[in-house]
Amino acid sequence: MFNYCPPKVLADLKSETFPDGKRYYTLEDGTRLPSVTTVLGAQKKEAIMKWRKRVGEEEANRVSKKATSRGTGVHTLCEYYLNNETNLSQKEGIRPDAFEMFVSLKPLLNRINNIHYQEAALWSKQLGMAGRVDCIGEFDGELSVIDFKTSKRIKTSEDIEDYYWQTTAYALMYEELIGITINNLVIIMAVEDSEPLLFKQQTKDHIDGLVKAIQFYKGK
């Protein structure tokens, strides 16, 4: 059984996604902030457009739809599991490949406990962003921002810098809202037809990269 110990109740922000894919969150005072993925995705937009042009719209849409469905399924199962729910194989709407990838993650999920928040909205006016964190809790006994990812291929730490920026943003938002510093970033990645990957980093090592990503978005 996973233990929950949220330090305080956080508002659940409303969000809106526009046709261009950008998402904005609205704070209780009416302030609208772009999502973390909207800000960090700005640097990838050109590369994605080139890929779509190279493979064709039909194939790009097929691949994107499959990846999104699988990723959503794995995230949902991780959320259910950490919420101490049972009979996950009987949940409706979960693709078999997503369930198989989730099962591969269970040994790593079992290293999580004393969960502060799961799927909680976080925000920062200082950073100018808001988002929904996968999990904040202890991983191997250390308070961490924990993010769940899926991948079609094995990736290296150099491939996922934007994931570190994303989790760093959540760590800084958490500190701004709660007053507790989070030093550890954990990426748990399910890989198609392979063993899962675990990446552990320090928040302080990715603040500069996050700041540059925010500056890039503002410059665009």
Side-chain angles (χ1 to χ4, degrees), residues 1-4 12 15 17 21-23 35-38 40-41 44 47-48 51-52 55-113 115-122 131-140 144-157 159-167 169-170 185-201:
M1 297 289 289
F2 297 98
N3 179 55
Y4 278 77
D12 189 20
S15 67
T17 302
K22 293 181 180 179
R23 180 182 298 122
S35 71
V36 175
T37 51
T38 293
L40 301 185
K44 285 188 169 183
I48 292 174
W51 168 74
R52 296 186 71 89
V55 302
E57 285 297 311
E58 184 176 347
E59 174 65 9
N61 290 336
R62 185 193 68 80
V63 172
S64 297
K65 183 178 180 180
K66 180 181 178 181
T68 299
S69 175
R70 181 181 60 194
T72 300
V74 171
H75 273 78
T76 300
L77 289 168
C78 288
E79 181 181 359
Y80 288 153
Y81 186 67
L82 294 178
N83 278 335
N84 299 308
E85 296 192 32
T86 58
N87 299 321
L88 300 187
S89 62
Q90 300 176 20
K91 295 291 185 181
E92 295 183 2
I94 302 296
R95 294 164 52 104
D97 57 342
F99 187 80
E100 183 179 347
M101 294 177 87
F102 157 72
V103 170
S104 75
L105 294 182
K106 287 177 69 174
L108 295 176
L109 298 178
N110 289 336
R111 293 162 66 176
I112 299 171
N113 206 359
I115 297 169
H116 289 202
Y117 298 107
Q118 191 183 190
E119 291 298 321
L122 299 177
R132 195 169 292 277
V133 66
D134 285 353
C135 182
I136 292 179
E138 292 181 4
F139 187 86
D140 290 344
S144 308
V145 177
I146 306 165
D147 203 50
F148 310 124
K149 300 294 186 184
T150 58
S151 176
K152 190 173 181 178
R153 62 179 178 85
I154 294 175
K155 292 185 177 180
T156 67
S157 190
D159 294 327
I160 61 169
E161 281 189 316
D162 55 326
Y163 295 167
Y164 298 142
W165 302 336
Q166 180 183 14
T167 46
Y170 291 136
L185 312 174
V186 175
I187 310 294
I188 296 174
M189 182 180 293
V191 183
E192 185 176 310
D193 299 323
S194 185
E195 293 298 310
L197 300 174
L198 174 66
F199 301 92
K200 299 174 70 175
Q201 294 280 311

Does Tyr164 have any side-chain hydrogen bond (donor to acceptor under 3.5 Å, both in side chains) partners at least two apart in sequence or in another chain, and if so, which?
Ser157
Specify the closest pair of heavy atoms between Phe139 and Ser144, including all atoms of both residues, with the distance to one decimal.
CB-OG, 4.0 Å
Taking NZ, NE, NH1 and NH2 as the nitrogens, is one of them in Asp193 or Lys152 under 4.0 Å from a carboxylate oxygen of the other?
no
Any pair with a residue in residues 101-110 that passes side-chain hydrogen bond (donor to acceptor under 3.5 Å, both in side chains), sequence neighbours left out, goes on the list, sorted by first then second residue, please.
Tyr81-Asn110
Apply the test side chain to side chain contact (heavy atoms under 4.5 Å, CB included) to residues Ile136 and Ile115: give CA-CA distance (whole Å), side-chain angles for both, the deciding distance (0.1 Å), then the verdict.
CA-CA 6 Å; Ile136 292 179; Ile115 297 169; over 6 Å; no
Nearest heavy-atom neighbours spanning Ile146 and Gly137:
CD1-O, 4.1 Å
Partner of Leu197 under side chain to side chain contact (heavy atoms under 4.5 Å, CB included), chosen from Thr156, Leu108, Ile154
Ile154
Go through the structure and list residues passing side-chain contact (heavy atoms from CB on, under 4.5 Å) with Ser89, not counting sequence neighbours.
Phe99
For Ala98 and Leu77, which heavy atoms make the closest approach, and how far apart are they?
O-CD1, 4.1 Å
State which residues pass side-chain hydrogen bond (donor to acceptor under 3.5 Å, both in side chains) with Tyr163; sequence neighbours excluded, sorted by chain then number.
none
Counting C-beta onward and ignoring hydrogens, is there a side-chain heavy-atom pair between Asp147 and Val186 closer than 4.5 Å?
no
Any chance you could measure Leu122, atom CG, to Tyr117, atom OH, to the nearest 0.5 Å?
8.0 Å
Show, in sequence, the C-alpha distance, side-chain angles and deciding distance for Leu109 and Phe102, and conclude whether the side chain to side chain contact (heavy atoms under 4.5 Å, CB included) test is met.
CA-CA 10 Å; Leu109 298 178; Phe102 157 72; 3.8 Å; yes
With Thr37 via side-chain contact (heavy atoms from CB on, under 4.5 Å) - residues at least two apart:
Arg23, Ser35, Gln166
Residues that Asp159 engages under salt bridge (charged side-chain N to carboxylate O under 4.0 Å, His left out), provided they are two or more places apart:
Arg153
Look up atom OG1 in Thr38 and atom NZ in Lys22, then write down how far apart they are to the nearest 0.5 Å.
7.5 Å
Quick one, Val74 with Lys149, criterion side chain to side chain contact (heavy atoms under 4.5 Å, CB included). Give me CA distance, side-chain angles, the key distance, then yes/no.
CA-CA 8 Å; Val74 171; Lys149 300 294 186 184; over 6 Å; no
Rounding to 0.5 Å, atoms CD1 (Ile188) and NZ (Lys200) come to a distance of 10.0 Å
Pairs meeting criterion salt bridge (charged side-chain N to carboxylate O under 4.0 Å, His left out) with involvement of residues 78-89, two or more places apart:
Glu85-Lys91
For Arg132, give me all partners under salt bridge (charged side-chain N to carboxylate O under 4.0 Å, His left out), at least two apart in sequence or on another chain.
Asp12
Going by side-chain contact (heavy atoms from CB on, under 4.5 Å), name the residues that satisfy it together with His75, two or more places apart in sequence or in a different chain.
Asp134, Phe148
Atom CE of Met189 and atom OG of Ser194: how far apart are they, to the nearest 0.5 Å?
11.5 Å
Heavy-atom pair of closest approach, residues Thr150 and Gly71:
OG1-CA, 3.7 Å
Got a sec, which residues hit side-chain hydrogen bond (donor to acceptor under 3.5 Å, both in side chains) with Gln118, two or more places apart in sequence or on another chain?
Tyr4, Asn83
For Asn113, all residues meeting side-chain hydrogen bond (donor to acceptor under 3.5 Å, both in side chains), sequence neighbours excluded
none
Interatomic distance, CD@Glu100 vs CD1@Ile94, rounded to 0.5 Å, equals 14.0 Å
Taken in chain and number order and not counting sequence neighbours, the residues that satisfy salt bridge (charged side-chain N to carboxylate O under 4.0 Å, His left out) with Glu161 are none
Between CD of Gln201 and CD1 of Ile187, what distance do you get to the nearest 0.5 Å?
8.5 Å
Using the side chain to side chain contact (heavy atoms under 4.5 Å, CB included) rule, pick out the option among Val36, Ile160, Leu40 that qualifies with Trp165.
Leu40
